[in-house]
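Structure record follows, encoded as structure tokens.
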2 protein chains.
Amino acid sequence: MRKYSIDHKSPVPLHAQAETLLRQLIQEEDYRNGKVLPNEVELAKKLAISRTTLRQSINKLVFEGLLVRKKRSGTRVAQNVVSSKSNNWLSFSQEMKLRGIPIKNFELHVTWVTPDEELAAFFEIKPDRKVLKLERVRGRPDEPFVYFVSYFHPRVGLTGEEDFKRPLYEMLEQEHSIIATLSKEEISAVAADDNIADKLRLPAGSPLLFRKRYVFDPGERAIEYNLGYYKASSFVYTVESTR
Amino acid sequence: MRKYSIDHKSPVPLHAQAETLLRQLIQEEDYRNGKVLPNEVELAKKLAISRTTLRQSINKLVFEGLLVRKKRSGTRVAQNVVSSKSNNWLSFSQEMKLRGIPIKNFELHVTWVTPDEELAAFFEIKPDRKVLKLERVRGRPDEPFVYFVSYFHPRVGLTGEEDFKRPLYEMLEQEHSIIATLSKEEISAVAADDNIADKLRLPAGSPLLFRKRYVFDPGERAIEYNLGYYKASSFVYTVESTR
DNA sequence: AATGTTATAATGTATGTACATAATAATAAG
DNA sequence: CTTATTATTATGTACATACATTATAACATT
């Protein structure tokens, strides 16, 4: 009974498979607590891939600061990672829960739209292919403070009939076997236009924290494109970094 | 006459040499402007290292978001707007240098001020103790895009006579033996008031990306409190995260 | 002139191999 | 019993090689 294994016939690259597999592996308690991973040569043999390929995957996680390598003693999960990287990856609802803020959905619209140029390029699909658009206004029970717009790649297989009140990534993982691993975010500021000002109950022109989020799966394939407009007066983005 | 080359007898690994070399290379104006780099096979030959080794170096820069690769068309310098990456702890000037953006100091004021309540609390000093305040307006030669306000803890030992045109953290490290290690950041958005609007040559009310930065030394003692007001139209904050 | 087809030139994926280096463990010497 | 010495074992560096994939360019076809 092999718990983790690699499919050589799958179209997803071996190093990407190895990466997901490592990510799962290091969730295990033993490794979390500092147990050394199986050594490269052995693990490569066990997975039936070359050491070079395996190394590619490990390298990535090392880059990300998730793993630490040490000669002779081996590779293990990085302890005391205080970086934004690991902290940062939280869904909105998890994030709010963590801060003890009850959330309310003020609006929730699901539509099918044709992507604009930027989106079609990011998703690498033809511009006539329809994508699912999810709009949400969320916030405290008494005060909406964020307007989200999400676009999902067709490969996710959403119908639009799903229960979008559930935590999104949980739903994707459980019902659609989509594992979102990497996200690039761009944070900037914009002024609220009439539409958003209305949704967030603000004067038009108010400053908003604007966050674009690009979400990928372990094979670096695009999953979601997310735009978030946060009411600046009630939202702060926190990052911790070390050098 | 080879402008860049690699020393095979040096003790520093070839891939590391290649990396520094690439960093220099992409400073060149042509590459900055989107010219494709020499292709991997050729470049490897020219540097007399294997493609695998060269790729190792390129990979790193790609991961950092400095280079973008595209099949068939080649590798080029990422054309993003001025952006800041949370994880590699870099000073503003280093960051800009890395991206080949020449910076200009538009204004530079040094004053001694009495801290307000928040600052006195953060520095853990009595409110009558004066602290050094450094104000700077910086940006591209033709366009200021950030207004910084920094407060330094008395323990740093600044006199106010220092050369603040030098990279700050370099100066602190060399002349004052201050090593800044950890920084907590809070990012939000604000509207430009008249004062800042003037400094950044913007209409008042324009949205600004606002970053508070708390800088500590290895002993978690407060070193600096920094406020940054970034022109939103020319500055994006980038975060990469994995779960 | 628009469309379809084929070549080609770049990156992408993957393997096998070899030796270097460093930290630890085992052993020998004093 | 402490200190050198040596072996072992993990990662680190580096190469040569092969074929896959894909965006573009060149060409041919309608």
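In what follows, every chain begins at residue 1, and chains take the letters A, B, ... in the order their sequences are listed.
With a heavy-atom cut-off of 4.0 Å to chain B, the contacted part of DNA chain D has its first and last nucleotide at D:dT13 to D:dT24.
Comment: B:Lys35 does not engage B:Glu29 in a salt bridge, judged by the lack of any side-chain N to carboxylate O separation of less than 4.0 angstrom. Using a cutoff of 4.0 Å between basic side-chain nitrogens and carboxylate oxygens, A:Glu107 and A:Arg136 are not scored as salt-bridged.
Relative orientation of the A:Phe216 and A:Phe122 rings is perpendicular, given thresholds of 30° and 60° on the angle between their planes. Classified by interplanar angle (parallel below 30°, tilted 30° to 60°, perpendicular above 60°), the ring pair A:Tyr230/A:Phe148 is perpendicular.
A:Glu40 has its CD atom 14 Å from the P atom of C:dT15, to the nearest Å. Atom CD1 of B:Ile58 and atom P of C:dT13 are 14 Å apart (whole Å). A:His15 has its NE2 atom 4 Å from the P atom of C:dT13, to the nearest Å. We find that CG of A:Leu47 is positioned 14 Å from C1' of C:dA14, with the value rounded to whole Å. In this structure, B:Asn59 atom CG and C:dT11 atom C1' are separated by 11 Å, rounded to whole Å.
Phosphate contact (OP1/OP2 of C:dA14, side-chain N/O of A:Thr53, threshold under 4.0 Å): absent.
A donor-acceptor contact closer than 3.5 angstrom links the side chains of A:Asn59 and A:Arg69. There is no side-chain donor-acceptor pair under 3.5 Å between A:Glu224 and A:Tyr214. For the residue pair B:Gln17 / B:His15, no side-chain donor-acceptor distance below 3.5 Å is found, with atom types taken as modelled.
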Protein-nucleotides 21-27 of chain C N/O pairs under 3.5 Å:
{"residue": "C:dT24", "atom": "O2", "partner": "A:Arg72", "partner atom": "NH1", "Å": "2.8"}

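Both A:Arg51 and A:Leu14 lie close to DNA chain C; mapped to their nearest nucleotides by heavy-atom distance, the more 5′-ward contact belongs to A:Leu14.
Side-chain contact check for B:Thr75 versus B:Val68: every heavy-atom pair is 4.5 Å or farther apart.
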